[in-house]
Amino acid sequence: MILVLVIVCILSTIISSSPSEVTNSQQFPKAIIIGVKKCGTRALLKFLSVHPAIAASSQEVHFFDTPKNFRLGSDWYRNQMPIATTNQYVTIEKTPHYFIDRHTPKRLAHLLPDVKLILILRDPVIRAISDYVQIKSRHEYYPTFDEFISMKNFTRWTPIKIGCYAIYLRRWLKYFPLERIHFVDGENLIQRPWEELQHVQKFLNISNDIRQENFYFNSNKRGFPCIKQPNGCLGSSKGRQHPFISDITRAKLKNLYSTCNRQFKQLAQINFPWL
Ligand code: A3P
């Protein structure tokens with residue numbers, strides 16, 4: 001009789017254990033925002049971090065793409081994760097450089113074969129300008145964007161190369177099935193963030209808690225959306241003013257990216273309005 005009671009007790013403990021009971025511990029990520037740099041990765045993570053089921057890492061971890069970190073091993077990686085409190089059963093990190101790093105897909109698939117991947121993208125022409133603005137902010141004197149694009153080897157310039165998303169996605173698909181990658185439209189994240197958040201919450205299998213009423217558009221933030229909570233807007237390094245770009249430069253880039261965009265659409269089986 002006692003034995004039966006003990007077995008019943010053990011079984012009921014196992015059955016009633018749910019992910020929500022993982023408390024105050026550091027977990028490997030269940031989902032990773034793998035990129036793309038300058039497409040709204042910070043905004044997406046910030047918005048997701050208000051969800052009660054999510055524990056989001058505040059820093060970019062750079063484990064899989066940085067040899068000195070990778071050598072420290074998986075325990076080091078887990079120790080970089082935020083402490084997950086009651087109900088936070090989805091730990092998320094974002095490191096946008098993972099998307100373009102050659103080693104990350106294989107290393108990640110080996111350590112976390114079931115992890116869900118989130119990839120946010122925007123029009124590669126705008127992405128390139130945004131990347132340029134960030135680099136320029138660190139230099140006193142810097143050529144204009146138009147000057148860069150008029151150079152002979154401009155296609156080899158990293159801010160331009162990154163926008164050919166198909167090249168990198170192809171590498172990821174060698175290690176992860178398409179169903180495990182969720183694509184976020186970074187242009188729509190600026191216009192109607194709740195729509196993108198609804199899709200992400202569904203992908204992560206968590207309740208649809210982040211909705212339209214959680215957002216407002218801030219004229220002091222150049223009209224970008226913020227989430228209704230203290231410090232709910234992004235900092236001054238996000239949502240910067242973009243410089244004037246000539247029509248010739250825009251047309252040149254649009255033309256350059258048209259093949260990549262077509263390939264990406266086929267690989268990802270998605271169709272964002274700007275693709
Ligand atoms: P800009 O600063 O060039 O406008 P990332 O976080 O991946 O570096 O992306 C930065 C870009 O996110 C910004 O580029 C901005 O356009 C975009 N973004 C999307 N949603 C935003 C928001 N709510 N607030 C500020 N920037 C946002």
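In this chain, numbering begins with 1 at the start of the sequence shown. Counting starts at 1 for both ligands and their atoms, following the listed order.
Of the residues listed (Tyr257, Phe183, Tyr168, Trp172), the one engaging Phe264 in a ring pair (Phe, Tyr, Trp, His ring centres under 6.0 Å) is Phe183, and it is the only one.
For ligand 1, the polar-atom distance check against Lys221 finds no nitrogen or oxygen pair separated by under 3.5 Å. Considering backbone and side-chain atoms alike, Leu189 places every N or O at 3.5 Å or more from each N or O of ligand 1. At least one N or O atom of Pro225, backbone or side chain, sits closer than 3.5 Å to an N or O atom of ligand 1. In terms of polar-atom proximity, Arg222 is not counted as a contact of ligand 1, lacking any N or O under 3.5 Å from an N or O of the ligand.
Here Cys39 has backbone heavy atoms under 4.0 Å from ligand 1, and that is the only part of it that gets that close. Heavy atoms of Gln134 found under 4.0 angstrom from ligand 1: none, in either backbone or side chain. Under 4.0 angstrom from ligand 1, the non-hydrogen atoms of Phe47 all belong to its side chain.
Contact annotation: the side chain of Phe47 approaches that of Pro193 to within less than 4.5 Å [non-hydrogen atoms, C-beta and beyond]. Residues Thr91 and Ser57 have side chains not in contact (no heavy-atom distance under 4.5 Å, counting atoms from C-beta outward).
Protein heavy atom in closest approach to atom 7 (O) of ligand 1: Thr41 OG1, 2.6 Å. For atom 14 (O) of ligand 1, the nearest non-hydrogen atom of the protein is Ser130 OG, 3.3 Å. When hydrogens are left out, the protein atom nearest atom 18 (N) of ligand 1 is Phe224 CE2, 3.9 Å; that is the closest non-hydrogen contact. The shortest contact between atom 17 (C) of ligand 1 and any protein heavy atom is with Arg122 NH1, 3.9 Å. Of all protein heavy atoms, the one closest to atom 13 (C) of ligand 1 is Gly239 N, 3.7 Å. Nearest to atom 8 (O) of ligand 1 among the protein's heavy atoms is Lys238 NZ, 2.8 Å. Gly40 CA, 3.4 Å is the protein heavy atom nearest to atom 12 (O) of ligand 1. Looking at atom 19 (C) of ligand 1, its nearest protein heavy atom turns out to be Ile190 CG1, 3.5 Å.
Judged by distance alone, with hydrogens and angles left aside, the side-chain atoms of Asn255 form no donor-acceptor pair with the main-chain N or O of Lys252 at under 3.5 Å. In this structure, the side chain of Glu196 engages the main chain of Asp185 through a donor-acceptor pair within 3.5 Å.
Taking the centre and axis of the six-membered ring of Phe203, the NZ or CZ atom of Lys116 falls inside the cone set by 45° and 6.0 Å. Annotation: cation-pi pair Arg107/Phe64 absent, no NZ/CZ under 6.0 Å from the ring centroid and within 45° of its normal.
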| request: Run the numbers on Arg127 and Asp123 for salt bridge (charged side-chain N to carboxylate O under 4.0 Å, His left out), then give the verdict. | output: CA-CA 6 Å; Arg127 199 219 70 82; Asp123 180 339; over 6 Å; no
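Taking 4.0 Å as the cut-off, Gln241 does not count as a neighbour of ligand 1 on heavy-atom distance. Note on ligand 1: Val133 sits outside its first shell, no heavy atom being nearer than 4.0 Å.
Salt bridge Arg250/Asp247: absent, no basic N to carboxylate O contact under 4.0 Å.
Between Tyr142 and Phe148, the ring planes lie tilted relative to each other; the angle falls in the 30° to 60° range.
Close approach to His242 involves these atoms of ligand 1, each under 4.0 Å from a residue heavy atom: 1 (P), 3 (O), 4 (O). Atoms of ligand 1 found under 4.0 Å from any heavy atom of Arg42, numbered from 1 in the order shown, are 6 (O).
A centroid separation of less than 6.0 Å is found between the aromatic rings of Phe63 and Phe70.
Both Tyr165 and Tyr98 are assigned to one and the same hydrophobic cluster, defined by single-linkage of ILVMFWY side chains at heavy-atom distances under 4.5 Å.
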